[in-house]
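Side chains are part of it too, since the values below use all heavy atoms of this structure and drop only hydrogens, waters and symmetry mates. If you read the sequence from its start, that first residue is 1, and numbering goes on from there.
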Amino acid sequence: MNNKAIVYMIFSAFAFTFLNVGVKYLESLSVNQIIFFRSLGTLFFTVPLIIKNRLPFFGNQKGLLLFRSAVGLTSMFFFFSALKYITVGTAVSLRYISPIFAAIFAIFLLKEKVKLLQWFCFLIAFGGVVVLRKFELDMDYTGLIMGLCSAFFAGLVYISIHMIGNRDHPVVVVNFFMLVSTIVGGIFTISNWTTPSVQEWLVLASLGISGYLAQLFMTKAFQIGETNVIAPLKYIEVVFSIILGVLWFGEIYSFITLLGIGLIIIGLAGNIYLKRKPKNS
């Protein structure tokens with residue numbers, strides 16, 4: 001077991017958590033304004049890397065890159081919107097339902113097969129959503145729907161990245177996504193601008209940094225670690241989000257909410273294990 005890879009993945013989850021909490025803190029600002037600064041901040045890292053490594057700025061597969069950026073931007077919009085209505089931990093958990101949608105899309109678009117036990121794991125995870133929907137009386141259904149919409153489009157993100165493959169460098173893919181998000185977010189921000197306070201400016205500045213570090217550490221973890229060990233660790237982000245949500249915002253998680261979140265994590269972590277398990281084992 002590569003302990004360094006595990007540390008990288010934990011750092012990645014922590015960086016993602018700070019990004020989520022930062023967005024939650026900026027409730028007084030419009031989602032488009034947050035998207036603009038989050039994306040612009042990351043461009044400060046990706047553009048120099050593209051120039052340094054002499055990579056094609058707009059990539060080789062502009063159509064697929066544009067599609068990946070469009071669905072990624074839509075997913076980000078719904079996720080940031082969900083954070084305005086529901087707790088951080090719940091929003092993050094709902095976003096992680098995306099592998100279910102990705103598996104369904106892969107059957108029809110990529111002709112991939114899904115194991116029977118994987119469907120069982122998906123059923124457990126979806127059962128967690130049902131628990132949140134049916135039994136959590138304080139659940140804001142607007143946030144719930146937005147969280148599921150975010151997961152739906154995130155599923156399309158996975159499919160589009162798979163279709164892009166290694167024909168475009170990962171930095172190019174991220175940069176194209178951030179560029180499109182900056183432009184679209186900026187256009188919609190012009191007519192809906194809210195002047196941030198000093199504290200909000202600092203949080204806005206941190207979003208791009210947190211997002212970049214999260215992606216960087218996650219990439220490093222997968223490069224040197226075993227996928228079936230590293231991938232489930234990304235769900236630590238849910239735990240971190242719950243802890244910071246309680247400490248920073250005074251969020252309250254009922255037993256039903258934690259049960260629903262737990263079922264989602266168990267189901268999706270089980271899916272990762274089954275997907276990476278050798279066929280002859």
Side-chain angles (χ1 to χ4, degrees), residues 5 8-9 11-13 15-16 19-20 23 32 34-80 92 95-96 98-99 101-106 109-110 112 149-187 207-225 227 230-231 233-234 237 272 275-276:
Y8 280 150
M9 200 60 187
F11 274 131
S12 172
F16 271 124
L19 172 63
N20 301 333
V23 173
N32 289 311
I34 297 173
I35 288 175
F36 171 73
F37 283 102
R38 182 263 183 270
S39 305
L40 180 63
T42 299
L43 286 178
F44 282 105
F45 295 95
T46 57
V47 171
L49 286 174
I50 287 180
I51 296 175
K52 178 183 177 182
N53 295 291
R54 298 182 179 180
L55 299 171
F57 193 82
F58 294 106
N60 302 312
Q61 306 168 88
K62 296 176 180 59
L64 280 176
L65 288 171
L66 185 60
F67 176 73
R68 182 264 180 270
S69 300
V71 294
L73 174 59
T74 305
S75 176
M76 181 164 56
F77 175 85
F78 278 119
F79 177 65
F80 287 179
V92 172
R95 185 183 61 186
Y96 277 134
S98 54
F101 293 113
I104 296 173
F105 295 144
L109 299 177
L110 305 177
E112 291 185 359
C149 286
S150 174
F152 176 88
F153 285 100
L156 287 174
V157 169
Y158 295 148
I159 297 300
S160 63
I161 291 177
H162 180 84
M163 294 172 68
I164 291 171
N166 59 6
R167 289 171 290 176
D168 272 303
H169 195 281
V171 175
V172 174
V173 178
V174 173
N175 184 77
F176 199 101
F177 172 35
M178 292 294 98
L179 180 62
V180 171
S181 300
T182 299
I183 294 173
V184 175
I187 291 174
L207 296 184
I209 300 174
S210 298
Y212 175 75
L213 291 177
Q215 293 287 344
L216 175 65
F217 283 121
M218 183 175 66
T219 301
K220 285 180 175 292
F222 278 108
Q223 284 177 332
I224 65 175
T227 301
I230 299 303
L233 290 175
K234 67 181 180 180
E237 179 188 345
I272 292 175
K275 189 174 182 180
R276 302 296 178 179

For N60 and L65, work out which heavy atoms get closest and say how close. N-CD1, 4.4 Å

Do the non-hydrogen side-chain atoms of L213 and F11 ever get within less than 4.5 Å of each other? no

For P48 and L43 the tightest heavy-atom approach is CD-O, 3.8 Å

Taking S160 for the side chain and V157 for the main chain, is one N or O donor matched with an acceptor at less than 3.5 Å? yes

Answer yes or no for R68 and F176: cation-pi contact, defined as NZ/CZ to six-membered ring centre under 6.0 Å and angle to ring axis within 45°. no

Euclidean distance, L64 CG relative to H162 NE2, rounded to 0.5 Å: 11.5 Å

Once salt bridge (charged side-chain N to carboxylate O under 4.0 Å, His left out) is applied, do any residues pair with R95, and if so which ones, sequence neighbours excluded? E237

Summary of ring pair (Phe, Tyr, Trp, His ring centres under 6.0 Å) pairs that have at least one residue in residues 55-75, sequence neighbours excluded: none

Quick one: pull up CD1 in I50 and CG in N175 and give me the separation to the nearest 0.5 Å. 3.5 Å

In short, V172 meets G59 closest at the heavy-atom pair CG1-CA, 3.6 Å

Nearest heavy atoms of F217 and Y8, plus distance in Å: CB-O, 3.3 Å

Is it true that a side-chain atom of D168 and a backbone atom of I164 form a donor plus acceptor pair closer than 3.5 Å? no

Between M76 and F153, is a side-chain contact (heavy atoms from CB on, under 4.5 Å) present by the stated rule, with each step listed? CA-CA 9 Å; M76 181 164 56; F153 285 100; over 6 Å; no

Partners passing ring-ring contact (aromatic ring centres under 6.0 Å, His included) against Y96 (at least two apart in sequence or in another chain): Y235

To the closest 0.5 Å, what do you measure between CD1 (I161) and CG (L156)? 11.5 Å

Is there a side-chain contact between V92 and F79 (heavy atoms, below 4.5 Å)? yes

Taking all non-hydrogen atoms of both residues into account, name the closest pair between A154 and S98 and its distance. CB-CB, 3.6 Å

Hey, does the side chain of S181 reach the backbone of F177 with a donor-acceptor pair shorter than 3.5 angstrom? yes

Find out whether R38 and L19 are in side-chain contact, i.e. whether some heavy atom of one side chain is under 4.5 Å from a heavy atom of the other. yes

Could you grab the distance from atom OH of Y158 to atom CZ of F105, nearest 0.5 Å is fine? 12.0 Å

Angle between ring planes, F45 versus Y212, binned at 30° and 60°: parallel, tilted or perpendicular? parallel

Please round to the nearest 0.5 Å and tell me the distance separating atom NE2 of H169 and atom OG1 of T46. 12.0 Å

Give a yes or no answer on whether the side chain of S150 reaches the backbone of S75 with a donor-acceptor pair at less than 3.5 Å. yes

Nearest 0.5 Å, please: how far is CG in L73 from OG in S39? 7.5 Å

M163 side chain near Q61 side chain, heavy-atom distance below 4.5 Å: no

